[in-house]
Amino acid sequence: MSDVHGGPASVDRALDLLEAVARSAEPVGAKALARELGCALSTVYHLLAPLTARGHVARTPGGYVLGPRVPSLYRSFQRHAGIDAGTRGLLMGVRRAAGAQAYLSVRRGGRIAVIDSTTAVTAHGADPFEVGLDQGAHATAHGKVLLASLPRRARRRYLDEFGLPRLTEHTITSPDRFEAELRRVRAAGVAVSVGETDPAYTCVAVPLGDGTRALSVSLPTAHSRGRRAELARILTRAARHGFPAASE
């Protein structure tokens, strides 16, 4: 039996399980996982066994957590994505100069994702632009930058799959308005999203390198008024010239 994505249903369900463990802010029990996934408890235990054996999850007295195999996968991901000490230095330099959280996003394989940020790991759930797959990229500044660099046909394929769902009252949901927005992004070399993903936040982004990556910052909208041009200048300088290493 195959799922709607074309893969074996058991593989798809195992990945759902792994993602559920990753989303949880604390160790999660098998019964809670079964409820979240809408499947039998026996199925959850059946899937947890190989995930645990391979180190993708681990069982603790409080429940299941991500296992020791995950960090090595993330390091491999960082290597494939070109994240190194220089990239981290760039993000930290932007954060210092802008006084705002900084992010690196990428368009790859028909998907857009935030792949690194200066947000503390302990801030899980407190940041509207967390590291991970971004299915609301049409409403973010980094998403606009990355979509603006696509040929129109490729952009249409992306929007056919993900659409323009309304995330807040400020989200652009009209295809014509969105195309006009992307024309402005290409002309200005910078994108801005004010409350389009989260009504309380503004983000600003610029393309980085060949246009498949974007550099951005986010901050509460109340703190961004009068600063958008300044933030755009900081990001543009960083994308073109980087930042000198911080002194010890």
Side-chain angles (χ1 to χ4, degrees), residues 5-7 11-12 15-24 56 66 69-84 86-88 90-92 94-95 100-121 123-151 154-165 167-168 171-172 178 181-182 185 190-193 196-198 201-218 235 238-239:
H5 301 293
V11 174
D12 196 56
L15 292 173
D16 287 342
L17 182 63
L18 183 61
E19 291 175 0
V21 172
R23 282 194 302 271
S24 180
H56 295 294
L66 291 180
R69 175 68 175 142
V70 173
S72 65
L73 292 175
Y74 183 58
R75 284 195 294 272
S76 295
F77 168 78
Q78 289 182 307
R79 185 174 65 254
H80 294 162
I83 299 174
D84 54 21
T87 307
R88 289 297 300 168
L90 178 66
L91 289 175
M92 295 307 297
V94 169
R95 180 179 176 177
Q101 301 294 353
Y103 310 81
L104 178 65
S105 304
V106 65
R107 186 188 75 242
R108 178 177 291 179
R111 299 288 187 272
I112 289 174
V114 179
I115 60 173
D116 202 3
S117 82
T118 58
T119 306
V121 174
H124 176 72
D127 187 341
F129 311 108
E130 291 183 342
V131 170
L133 184 66
D134 187 354
Q135 296 192 30
H138 66 291
T140 67
H142 62 260
K144 292 178 185 180
V145 162
L146 295 172
L147 289 171
S149 67
L150 277 175
R155 186 163 59 250
R156 283 180 174 174
R157 286 198 300 270
Y158 180 93
L159 295 177
D160 284 345
E161 179 172 357
F162 293 101
L164 295 167
L167 304 180
T168 75
T171 307
I172 298 173
F178 191 66
E181 175 75 357
L182 296 189
V185 170
V190 61
V192 178
S193 170
E196 294 180 46
T197 298
D198 183 308
Y201 279 84
T202 287
C203 54
V204 182
V206 300
L208 183 63
D210 62 0
T212 62
R213 299 194 298 171
L215 185 63
S216 63
V217 294
S218 78
L235 288 167

Rounded to the nearest 0.5 Å, how far does [atom2] of [Y] lie from [atom1] of [X]?
X      : Y      : atom1 : atom2 : answer
Leu164 : Ile172 : CG    : CD1   : 8.5 Å
Phe178 : His138 : CZ    : NE2   : 7.0 Å
Glu19  : Leu15  : CD    : CG    : 6.5 Å
Tyr103 : Thr140 : OH    : OG1   : 11.0 Å
Thr87  : Met92  : OG1   : CE    : 13.5 Å
Thr197 : Phe129 : OG1   : CZ    : 4.5 Å

Closest non-hydrogen atom pair between [X] and [Y], with its separation:
X      : Y      : value
Ser218 : Tyr201 : OG-CD2, 4.4 Å
Ala238 : Leu215 : CB-CD2, 3.8 Å
Ala102 : Val94  : CB-CG1, 3.8 Å
Asp134 : His142 : OD2-NE2, 2.7 Å
Leu104 : Leu91  : N-CD2, 3.9 Å
Val217 : Ala100 : CB-CB, 4.2 Å

If you measure only the distance, is there a donor-acceptor pair under 3.5 Å linking the side chains of Thr118 and Arg88? no
With Leu208, the side chain to side chain contact (heavy atoms under 4.5 Å, CB included) member among Val106, Val145, Leu90: Leu90
Any Leu235 side-chain heavy atom under 4.5 Å of Val204 side chain: yes
With a 4.5 Å limit on heavy-atom distance, are the side chains of Leu147 and Ile112 in contact? yes
Please confirm whether the backbone N or O of Ser105 pairs with a side-chain atom of Arg213, one donor and one acceptor, at under 3.5 Å? no
Please confirm whether the backbone N or O of Ala139 pairs with a side-chain atom of Ser193, one donor and one acceptor, at under 3.5 Å? yes
For the residue pair Tyr158 and Phe162, categorise the inter-ring angle as parallel (less than 30°), tilted (30 to 60°) or perpendicular (more than 60°). tilted
Applying the side-chain hydrogen bond (donor to acceptor under 3.5 Å, both in side chains) criterion to Ser149, which one of Arg107, Lys144, Arg155 satisfies it? Arg107
Go through the structure and list residues passing salt bridge (Lys or Arg N to Asp or Glu O under 4.0 Å) with Arg111, not counting sequence neighbours. Glu161
